[in-house]
There are 2 protein chains.
Amino acid sequence: MAKQGKAPTINDVARVAGVSKKTVSRVINRSPLIKQDTREKIESVIAELGYVPNPQARALALRRNFLIGLLHDNPNAQTVLNFQEGVLDAIRDTEFALVVRPVDRHSPEMLDDIRNFLEQQRLYGVLLLPPISENDELAALCEEVGCAYVRMGSAALDDDHHMVASNDREMVESAVDYLVGQGHTRIAIIQGPEGFRSAKERREGFLGAMKRHGLEVPKGYMAQGTYRFNSGISAAEELLSQEPRPTAIFSSNDEMAAGAMHAARARAISIPADLSIIGFDDSPIAAHIWPPMTTVGWPIRQMAKAAALKIVDPSNDEAEKAIFPAQLVHRSSVASPAKD
Amino acid sequence: MAKQGKAPTINDVARVAGVSKKTVSRVINRSPLIKQDTREKIESVIAELGYVPNPQARALALRRNFLIGLLHDNPNAQTVLNFQEGVLDAIRDTEFALVVRPVDRHSPEMLDDIRNFLEQQRLYGVLLLPPISENDELAALCEEVGCAYVRMGSAALDDDHHMVASNDREMVESAVDYLVGQGHTRIAIIQGPEGFRSAKERREGFLGAMKRHGLEVPKGYMAQGTYRFNSGISAAEELLSQEPRPTAIFSSNDEMAAGAMHAARARAISIPADLSIIGFDDSPIAAHIWPPMTTVGWPIRQMAKAAALKIVDPSNDEAEKAIFPAQLVHRSSVASPAKD
DNA sequence: TTGTAAGCGTTATCAC
DNA sequence: GTGATAACGCTTACAA
């Protein structure tokens, strides 16, 4: 591990080991057609010299970088960060590095920008976060430029090698079941924004369960949000002005649910006595707000790790999993409705 | 912008322009010793061909990558993400990319790991987030391996080219002034963890202001936290058991302040009527919790942008700034104390 | 002011 | 199985 002066190159290894540099290269790249003897010898020289292949040179020769890109346009900071952590779990102690790249899905040049980015940086692979992960054109683009990709979503968007997903719909159904089990019948929903697959899955899970229970969902019980805190306030104001008032609200994410709690407080509606609320994401705010919020948690970090492994180490056991079950996290924002 | 088949290389540009590739290289690198004529001609050919220099080849020849690293071990997710956004503001539309790398400051191998990372990836520069930004050995290491660095901190840690800082101490002083102005005299503090410069600055700002006002701070009014939500709960429990009880708490960050609010609620202490709270960071939770929290906001994103510019474009005006003033953000968690 | 030749550290081709 | 030799696309001497 003598690292004095300059880092040793493949040439140094070749010279010391008395072989050609191509042979060393073969050892590095685990070529099968190499004699056991030679391999062992070279490996010992590599260890002795503390040689590490130069990623820049490899990138040039291979026309591909050892970088994993994270493309996102996700409104929820915590989701993005959790995802990053998961990716890093996967690439820790490898030669890979994580490059992050937020994009703007409303820009007409988004696809061109991404194409340039992928072509120039020659990423080894990219991870696509919702909602841009739902864009099939984008997936086709990755395919076209020869960049491996994995999409993350709320439902199966692609084949198992190109996707990790949670079972949002099912989970919302059981959240509704739980509310109904507590005695609620007037249940409203704050939906996520148009164009988000997750918003659609969650809405359909909600509607499906309500129908199954024979419960009606009047128009006024379906409010629209943007997945942001403030939109939760206005959506809840709308919902809470309905007559009769809903006794429970399912919100498509926690941030909006937190907004809904503010709106309720502003009207002196107490939670959970007068109004039950269930969110989605299990983000920190759900635990930190008062009262602590019952919500649906999904294993973002494990999903991210699996997604990254699908690219950097597809043979890994953990890379096989494609569907990750979410879970209802019970806290204190749900109670039985007050008797009328 | 005809990008059919292969991307054009410097050779294509040279051939079409009828010059040597070194001349093209000079244009790319803005060498001053080139005739205006030649430059313009080459630039037009570059535009016509849609040529973009290959970063991998540049990295190999220059022995330096066009990657900006973000090294962090920060307990606050939102801080990290805001910082990332700021860096991206700075490198948008450049050839640079952002590589993120969390580290473990408790690991004895941290410095070695970072050295390997910097040497192998040959980063163009790194951004250091608190608390590891406070580590002088780390700064020396960056210097040694020839990697530009900028540290972010709560006080001037280095010269202006290597640092962006906020004026935490001053701001905490004015937060205390504000509390005193509202009539509080029994003011407690939840401190940040040992070893954080920010924790120290904030504590000293607090103590300094209290002294200036001739107010005492009994031992029991100084609780210790870890910058995490749960530590805020236990710290506040300690504080709220004191006799007489403090009428106001300054918390070294918002997360702990949110924890303190939970602790107060659990004891039916109402905020702000019975207890005023001021946090620090202006993170989303401060705005989303109830009641909305008065806190000290610091411009993380602008600081991050300036930090990144110091590395990628030092001549930029925005790169010059080194001290970024924080500001008291007034919301609803502070009121005058109830008359005894 | 511009061009030539020699790298940078790796991998691919194709002989041996 | 292994090794010359030529890429990969750019930059840095050093000349001209």
Side-chain angles (χ1 to χ4, degrees), chain A residues 3 5-43 45-46 49-67 95-96 119-124 146, chain B residues 3 5-43 45-46 49-67 95-96 119-124 146:
Chain A
K3 201 172 256 170
K6 301 211 156 293
T9 74
I10 197 171
N11 286 305
D12 300 323
V13 176
R15 187 166 31 73
V16 175
V19 296
S20 79
K21 59 186 196 174
K22 179 62 215 180
T23 305
V24 178
S25 170
R26 287 199 176 93
V27 171
I28 297 169
N29 294 285
R30 306 172 187 287
S31 158
L33 13 93
I34 231 172
K35 237 191 331 200
Q36 192 56 24
D37 276 8
T38 341
R39 151 164 293 127
E40 279 167 10
K41 179 166 174 201
I42 294 177
E43 276 170 350
V45 173
I46 288 181
L49 262 44
Y51 164 72
V52 182
N54 176 315
Q56 284 74 45
R58 301 235 285 160
L60 180 57
L62 288 168
R63 289 183 200 72
R64 139 183 288 218
N65 232 321
F66 287 87
L67 297 175
E95 60 197 321
F96 289 96
E119 282 179 343
Q120 280 167 45
Q121 296 293 337
R122 295 188 196 268
L123 297 184
Y124 195 93
Chain B
K3 201 170 257 171
K6 302 215 155 291
T9 73
I10 197 171
N11 287 305
D12 301 321
V13 177
R15 187 167 29 73
V16 175
V19 298
S20 78
K21 61 184 197 178
K22 177 62 221 181
T23 306
V24 178
S25 169
R26 289 202 175 89
V27 172
I28 297 170
N29 294 287
R30 308 172 186 289
S31 159
L33 13 93
I34 227 173
K35 242 196 322 202
Q36 192 57 24
D37 276 9
T38 348
R39 152 165 292 128
E40 279 166 11
K41 180 166 172 202
I42 293 177
E43 277 171 349
V45 173
I46 287 181
L49 262 42
Y51 165 71
V52 182
N54 177 316
Q56 283 75 44
R58 303 235 289 158
L60 180 57
L62 288 168
R63 287 183 198 73
R64 130 184 294 216
N65 230 322
F66 288 87
L67 297 175
E95 60 196 322
F96 289 96
E119 282 180 342
Q120 279 167 44
Q121 296 292 338
R122 294 186 195 268
L123 296 184
Y124 196 92

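Protein chains get the first letters and strands the later ones, always in sequence-line order, with residue 1 at the start of each.
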Is any side-chain heavy atom of [X] closer than 4.5 Å to a side-chain heavy atom of [Y]?
X: B/V27; Y: B/V13; result: no
X: B/R58; Y: B/N29; result: yes
X: A/N54; Y: B/R122; result: yes
X: B/I10; Y: B/I28; result: yes

For [X], which contact category applies under a 4.0 Å heavy-atom criterion: base, sugar-phosphate, or nothing?
X: A/R63; result: sugar-phosphate
X: A/L60; result: base
X: A/S31; result: nothing
X: B/L33; result: base
X: A/K35; result: sugar-phosphate

Grab the [atom1]-[atom2] distance between [X] and [N] for me, whole Å please.
X: A/R122; N: D/dC10; atom1: CZ; atom2: C1'; result: 13 Å
X: B/L49; N: D/dG9; atom1: CG; atom2: P; result: 14 Å
X: A/N65; N: C/dT10; atom1: CG; atom2: P; result: 15 Å
X: B/I10; N: C/dG7; atom1: CD1; atom2: C1'; result: 15 Å
X: B/E95; N: D/dC10; atom1: CD; atom2: P; result: 11 Å
X: A/Q56; N: D/dC8; atom1: CD; atom2: C1'; result: 14 Å

Does OP1 or OP2 of [N] have a side-chain N or O of [X] closer than 4.0 Å?
X: A/R26; N: D/dG1; value: no
X: B/N29; N: D/dT11; value: yes
X: B/T38; N: C/dT2; value: yes
X: A/S25; N: C/dT11; value: yes
X: B/R58; N: D/dT11; value: yes

Proximal nucleotide (of [options]) relative to the [X] side chain:
X: B/V19; options: C/dG3, D/dC10, C/dT10; result: C/dG3
X: A/S20; options: D/dC14, D/dT11, D/dG3; result: D/dG3
X: A/I34; options: D/dT2, D/dT11, C/dG3; result: D/dT2
X: B/L62; options: D/dC10, C/dT10, D/dT12; result: D/dT12
X: A/K22; options: D/dC10, D/dG3, C/dG3; result: D/dG3

Practice task
Kindly give the heavy-atom pair with the smallest separation between A/T38 and A/T23, and that separation in Å.
Solution key: CG2-CG2, 4.3 Å
Handout entry: 5' priority, DNA chain C, between B/R39 and A/K21 [closest heavy atom]
Key = B/R39
Practice task
Could you tell me whether the side chain of B/Q120 and the main chain of A/P53 form a donor-acceptor pair under 3.5 Å?
Solution key: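 The answer is no, because no donor-acceptor pair under 3.5 Å joins these two groups.
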